[in-house]
Amino acid sequence: MLRVDIITIFPDYFREPFDYGIIRRARAASLVEIKAHDLRSWTSDKHKVVDDRPFGGGDGMVLKPEPIFAAVEALAEARRREDIGPTKRVVLLSPQGKPLTQSLATEFAQCEQLVLVCGRYEGVDERVADVLVTDEISIGDYVLSGGEPAALVVIDAVIRLIPGALGSETSASTESFSDGLLDYPHYTRPPEFDGKKVPEVLLTGHHADIARWRRQAAEEKTKRNRPDLLKK
Ligand code: 9D3
């Protein structure tokens, strides 16, 4: 059973999104347990302050280290496991992180515990990344307002890789990215819609021809939308 603990200043952000589809099923089957924790509950001052001004000056605020250290320590302690070693990962979601990849998601899916720390404001005190964090991760080159949506993305990508989380209709290994190409185009009924016809070969039942067409279409789509994938 994978345990996912999210450390955030917006725990309510995570109230609904795990109640749908594959994640809901995985939770119902006890393949994963997900809990969002309020970073402010690990402050010790009256006003529950989690941020402070940056040393050296500059705009914005920085998340203080103490509440985050206290949170990660408390979550490890709560599991009553001194050291679950490489099967526990502490992930900081940050624009300065390494890109999330399918292979990293596969590693996370084999963990017993994932602790996701959501950055906010201008960033997180670097001692968190230096001492506490095993993986500093970004989900792409665009600017979010915090780590919370990135945590959702990581959780979604990871949970569907847990054995038993996907239905029998799909297997994670036969999907897009496993052979370095985008998926081929899909069609269903009707065979003609708004004057646009489904490619004839898909209606023939000639499986070898269909396989060839799909391969070709996947290559063309990859060339057009993701030429960077072909160069690898
Ligand atoms: C001007 C410098 N910016 C850093 C590139 C400031 C800044 C932007 C966005 C500081 C924090 C954030 C909040 N973003 C995240 O916490 C974040 C993120 C993202 O913005 N893009 C892609 N992946 C991620 S993971 C966490």
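Ligands are counted one by one from 1 in listed order, and the atoms in each one are counted from 1 as well.
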Run the side-chain contact (heavy atoms from CB on, under 4.5 Å) check on T43 and V49 step by step: do they pass?
CA-CA 7 Å; T43 55; V49 175; 5.8 Å; no
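- In terms of heavy-atom proximity, C111 sits nearest to L2 at O-CD1, 3.3 Å.
- Among protein heavy atoms, the minimum distance from atom 8 (C) of ligand 1 is reached at V143 CG1, 3.7 Å.
- Remark: among candidates A150, G140, P95, the nearest residue to atom 15 (C) of ligand 1 is P95, based on non-hydrogen atoms.
- More than 12 non-hydrogen atoms from other residues, nucleotides or ligands lie less than 6.0 angstrom from CD of E192.
- Counting heavy-atom neighbours within 6.0 Å of H186 NE2, excluding the residue itself, gives a total above 12.
- Under 4.0 angstrom from ligand 1, the non-hydrogen atoms of S94 all belong to its backbone.
- Summary of contacts: the protein heavy atom closest to atom 21 (N) of ligand 1 is Y142 O, 2.8 Å.
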Given the rule in the side-chain contact (heavy atoms from CB on, under 4.5 Å) test, do L92 and V90 qualify, once you have shown the distances and angles that lead to the verdict?
CA-CA 7 Å; L92 174 64; V90 178; over 6 Å; no
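- For the pair I137 and ligand 1, the shortest N or O to N or O distance does not fall below 3.5 Å.
- Annotation: I139 places an N or O atom under 3.5 Å from an N or O atom of ligand 1; distance criterion only.
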Starting from the C-alpha separation in whole Å, work towards a yes-or-no answer on salt bridge (Lys or Arg N to Asp or Glu O under 4.0 Å) for R27 and D19.
CA-CA 9 Å; R27 291 174 64 218; D19 291 348; 2.9 Å; yes
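- Atoms of ligand 1 lying under 4.0 Å from at least one heavy atom of S138, given by number and element, are 22 (C), 23 (N).
- Regarding atom 3 (N) of ligand 1, its nearest protein heavy-atom neighbour is E122 OE1, 4.5 Å.
- Ionic pairing of E219 and R215 is present here: one or more N-O contacts between side-chain nitrogen and carboxylate oxygen are shorter than 4.0 angstrom.
- For A26, the side chain to side chain contact (heavy atoms under 4.5 Å, CB included) partners are L31, V32, I159, A165, not counting sequence neighbours.
- Atom 13 (C) of ligand 1 has L144 O, 3.3 Å as its closest protein atom, hydrogens excluded (heavy atom only).
- Distances from ligand 1 to the non-hydrogen atoms of G123 include no value under 4.0 Å.
- Nearest to atom 4 (C) of ligand 1 among the protein's heavy atoms is Q96 NE2, 3.6 Å.
- Inclusion of R120 in the set of residues having an N or O under 3.5 Å from an N or O of ligand 1 is not warranted.
- Applying the side chain to side chain contact (heavy atoms under 4.5 Å, CB included) rule to E66 yields the partners K64; only residues at least two apart in sequence or on another chain are considered.
- Shortest contact from atom 11 (C) of ligand 1 to any protein heavy atom: Y121 O, 3.3 Å.
- Interface of G147 with ligand 1, defined as ligand atoms under 4.0 Å from a residue heavy atom, comprises 15 (C), 16 (O), 26 (C).
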